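Just so you know, these numbers come straight off a predicted model, no measurement behind them. Counting convention: from 1, in listed order, for ligands and their atoms alike. Just so you know, these numbers use all the heavy atoms, side chains as well, and skip hydrogens, waters and symmetry mates. Positions are given from 1 along the sequence.
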Amino acid sequence: RPRVLSGIQPTAGSFHLGNYLGAVRQWVALQESHDAFYMVVDLHAITVPQDPEELRANTRFAAAQLLAAGLDPERCTLFVQSHVPEHAQLAWVMNCLTGFGEASRMTQFKDKSAKQGADRTTVGLFTYPILQVADILLYQANAVPVGEDQRQHIELTRDLAERFNTRYAPTFTVPEPYIVKETAKIYDLQDPTSKMSKSASSPKGLVNLLDEPKASAKKFKSAVTDTDTVIRYDAEQKPGVSNLLTIYSTLTGTSIPELEERYEGKGYGALKTDLAEIFVEWVTPFRTRTEEYLDDPETLDSVLAKGAEKARAVAAETLATVYDRIGFVPAK
Ligand code: AQP
């Protein structure tokens with residue numbers, strides 16, 4: 001079976017709808033057809049300041065949400081990044097293979113550091129994409145299911161894999177991004193030309209899965225649309241309505257043309273109210289399942305321990321090959 005690898009940050013407490021539709025939903029589907037490795041990336045989380053207790057809680061929150069979303073530890077390997085030390089070890093090697101200018105061209109770093117200011121931006125945030133390169137290459141992943149915002153980082157992964165393979169010997173699988181066009185970018189409900197994001201969105205534009213469903217329903221009802229009245233998918237001219245149609249279509253499995261037909265002659269109010277209801281219906285059992293996993297921390301921790309063991313077996317083999325190829329003396 002081809003292999004996939006992906007990760008999600010534990011920082012925000014709750015996943016948002018963009019994380020779910022852009023990434024996690026694909027993870028669940030891919031565990032059926034692929035040898036799948038999924039992780040909660042706590043090493044990535046500390047590139048910005050974290051409260052230790054919150055980070056610990058959020059890591060378990062993230063794992064519980066992944067299980068609630070449908071990941072099955074019998075069908076995939078679910079683990080916490082810091083449980084597998086090879087991530088940090090391979091990241092160092094990849095750091096030494098990356099040009100400073102090359103790393104400086106990463107647009108996510110440029111955007112985030114511009115917002116934070118140079119003194120508050122860590123070197124860890126700068127090398128974040130290179131840790132991500134190590135995450136992927138350790139598992140020899142063929143594909144990486146992510147949202148559109150990660151495309152440039154996958155491109156860097158491909159470049160570095162090829163560089164290592166050429167400089168030393170064929171070692172790494174060169175991975176492809178796995179980006180589902182329709183849900184590659186879910187937009188902020190208040191600013192539908194910007195991606196929904198835990199750090200950039202206004203609270204009213206960000207739908208967190210673990211928030212009170214009623215509060216999220218309100219956000220759908222007050223989503224920004226346009227002054228036109230026709231319900232039609234047009235990402236350029238009607239980004240707000242198009243975003244709502246994308247979310248509606250993905251949560252219900254109804255195609256967008258079908259939705260356009262269903263809402264012909266109806267107003268935006270009807271679309272928003274219906275979508276709010278659909279979201280609440282979908283998210284309510286998701287929240288209950290998440291709470292159930294959180295109520296049983298022993299089971300949760302044992303799932304993660306088993307996952308880490310499986311992940312380490314693969315990661316250790318790759319790292320040993322890499323250390324050998326670059327000329328490190330083996331430890332006796
Ligand atoms: N709006 C989005 N639409 C589609 N996919 C998205 N992803 C994130 N936002 C959207 C995808 O979710 C996965 C996990 O993301 P992450 O938690 O690792 O980090 P992120 O990209 O940092 O999440 P945010 O909310 O965008 O946080 P900020 O803005 O603070 O960085 C990834 O596959 C991502 O593509």
Side-chain angles (χ1 to χ4, degrees), residues 4-30 36-50 55 58-59 61-63 65-66 69 71 80-81 87 106-116 120-122 124-126 128-129 131-132 135-136 141 143-155 157 175-203 205-210 219 223 235 239-240 242-244 246-247 250-251:
V4 288
L5 173 288
S6 199
I8 190 153
Q9 288 202 52
T11 40
S14 170
F15 295 163
H16 59 68
L17 196 55
N19 298 140
Y20 176 73
L21 296 179
V24 176
R25 205 168 167 273
Q26 277 64 258
W27 296 14
V28 176
L30 287 167
F37 287 77
Y38 301 126
M39 58 181 176
V40 181
V41 292
D42 51 354
L43 297 180
H44 284 283
I46 62 164
T47 53
V48 295
Q50 297 290 334
L55 178 60
N58 285 338
T59 301
F61 262 51
Q65 288 173 86
L66 290 174
L71 289 191
V80 174
Q81 189 184 26
H87 288 261
M106 295 298 114
T107 54
Q108 252 198 24
F109 173 78
K110 284 200 270 188
D111 293 348
K112 286 187 181 176
S113 59
K115 269 184 217 144
Q116 291 176 0
R120 290 185 56 217
T121 300
T122 65
L125 189 68
F126 182 66
Y128 179 124
L131 176 57
Q132 203 175 319
D135 296 339
I136 299 165
V144 189
V146 285
E148 182 60 40
D149 57 341
Q150 295 296 329
R151 190 185 286 279
Q152 196 187 25
H153 295 166
I154 312 300
E155 213 34 66
T157 310
E176 299 281 344
Y178 180 95
I179 300 175
V180 175
K181 205 171 116 250
E182 291 75 15
T183 50
K185 199 165 175 185
I186 300 298
Y187 295 89
D188 183 321
L189 296 187
Q190 287 297 312
D191 175 11
T193 54
S194 303
K195 79 161 186 169
M196 185 179 286
S197 151
K198 63 177 179 290
S199 57
S201 294
S202 73
L206 173 70
V207 178
N208 279 321
L209 304 187
L210 296 183
K219 293 181 190 178
S242 302
N243 190 39
L244 295 178
T246 299
I247 298 170
T250 320
L251 287 180

Next item on the list: Can you sort out which atoms of ligand 1 are near I186, meaning under 4.0 Å from one of its heavy atoms?
Entry: 1 (N), 2 (C), 3 (N), 4 (C)
Check: For G13, does its backbone N or O pair with a side-chain atom of Q65 as donor and acceptor, under 3.5 Å?
Finding: yes
Note to self: Between K185 and D149 (side chain of the first, backbone of the second, donor and acceptor by atom type, cut-off under 3.5 Å), is there such a pair?
What the structure shows: no
Check: Taking heavy atoms and a distance under 4.0 Å, where does E148 meet ligand 1: side chain, backbone, both or neither?
Finding: neither
Check: Nearest protein heavy atom to atom 23 (O) of ligand 1, by residue and atom, and its distance?
Finding: K198 NZ, 3.4 Å
Notebook entry, point to check: Between T11, V180, N19, V48, which one has a non-hydrogen atom sitting closest to atom 12 (O) of ligand 1?
Noted result: N19
Next item on the list: If you have a sec, work out which protein heavy atom is nearest atom 26 (O) of ligand 1 and how many Å separate them, to one decimal?
Entry: K195 NZ, 2.4 Å
Next item on the list: Output yes when the distance from some N or O of ligand 1 to some N or O of K112 is under 3.5 Å, and no in every other case.
Entry: yes
Next item on the list: Look only at the side chain of N208 and the backbone of L210, and say whether a donor-acceptor pair between them is shorter than 3.5 Å.
Entry: no
Next item on the list: Return yes or no for this condition: an N or O of H16 is under 3.5 Å from an N or O of ligand 1.
Entry: yes
Check: Just wondering, do L55 and P10 contact through their side chains at under 4.5 Å, heavy atoms?
Finding: yes
Check: With only distance considered, is P145 within less than 3.5 Å of ligand 1 through an N or O on each side?
Finding: no
Check: Is Y128 in polar range of ligand 1, meaning some N or O pair under 3.5 Å apart?
Finding: no
Check: For atom 21 (O) of ligand 1, which protein heavy atom lies nearest, and how many Å away is it?
Finding: D149 OD2, 3.1 Å
Next item on the list: Test side-chain contact (heavy atoms from CB on, under 4.5 Å) on L66 and F15 and set out the steps.
Entry: CA-CA 9 Å; L66 290 174; F15 295 163; 3.6 Å; yes
Next item on the list: Please say whether more than 12 non-hydrogen atoms of neighbouring residues, nucleotides or ligands are located less than 6.0 Å from OH in Y178.
Entry: no
Checklist line | Closest protein heavy atom to atom 17 (O) of ligand 1, given as residue, atom name and distance to 0.1 Å | finding: Q9 N, 3.3 Å
Next item on the list: Considering the heavy atoms of A23, write down every atom of ligand 1 situated less than 4.0 Å from one of them.
Entry: 12 (O), 13 (C), 33 (O)
Note to self: Just to confirm my output: which protein heavy-atom neighbour is closest to atom 28 (P) of ligand 1, and how far is it?
What the structure shows: S199 OG, 3.3 Å
Notebook entry, point to check: In ligand 1, which numbered atoms sit nearer than 4.0 Å to a non-hydrogen atom of K185?
Noted result: 3 (N), 4 (C)
Check: Has the side chain of Q81 got a donor or acceptor atom that lies under 3.5 Å from a matching backbone atom of H87?
Finding: no
Item checked: G240 backbone acceptor or donor facing N243 side chain under 3.5 Å -> no
Check: Under 4.0 Å from any heavy atom of T183, which atoms of ligand 1 are there?
Finding: 4 (C)
Check: Does ligand 1 have a heavy atom under 4.0 Å from the side chain of S197, from its backbone, from both, or from neither?
Finding: both
Note to self: Between T183 (side chain only) and L21 (backbone N and O only), is there a donor and an acceptor less than 3.5 Å apart?
What the structure shows: yes
Note to self: Just so I know, are the side chains of T121 and F126 near enough to count as touching, which here means a heavy-atom distance under 4.5 Å?
What the structure shows: no
Check: How far apart are the closest heavy atoms of H44 and T47, and which atoms are they?
Finding: O-OG1, 2.6 Å
Item checked: Distance filter under 4.0 Å to G147 heavy atoms, resulting ligand 1 atoms -> 5 (N), 33 (O), 34 (C), 35 (O)
Notebook entry, point to check: Between Y187 (side chain) and P239 (backbone), is there a donor-acceptor pair under 3.5 Å?
Noted result: no
Checklist line | Ligand-side contact atoms (ligand 1) for residue partner V146, heavy atom cut-off under 4.0 Å | finding: 33 (O)
Next item on the list: Number the atoms of ligand 1 from 1 as they appear, then name those within less than 4.0 Å of a heavy atom of A184, with their elements.
Entry: 3 (N), 4 (C), 5 (N)
Margin query: Using a 4.0 Å cut-off to any heavy atom of Q150, which atoms of ligand 1 qualify?
Written below: 21 (O), 35 (O)
Next item on the list: Starting from atom 5 (N) of ligand 1, find the nearest protein heavy-atom neighbour and note its residue, name and distance.
Entry: G18 O, 3.2 Å
Checklist line | Flag, side chain of S6 to backbone of P145, donor-acceptor distance under 3.5 Å | finding: yes
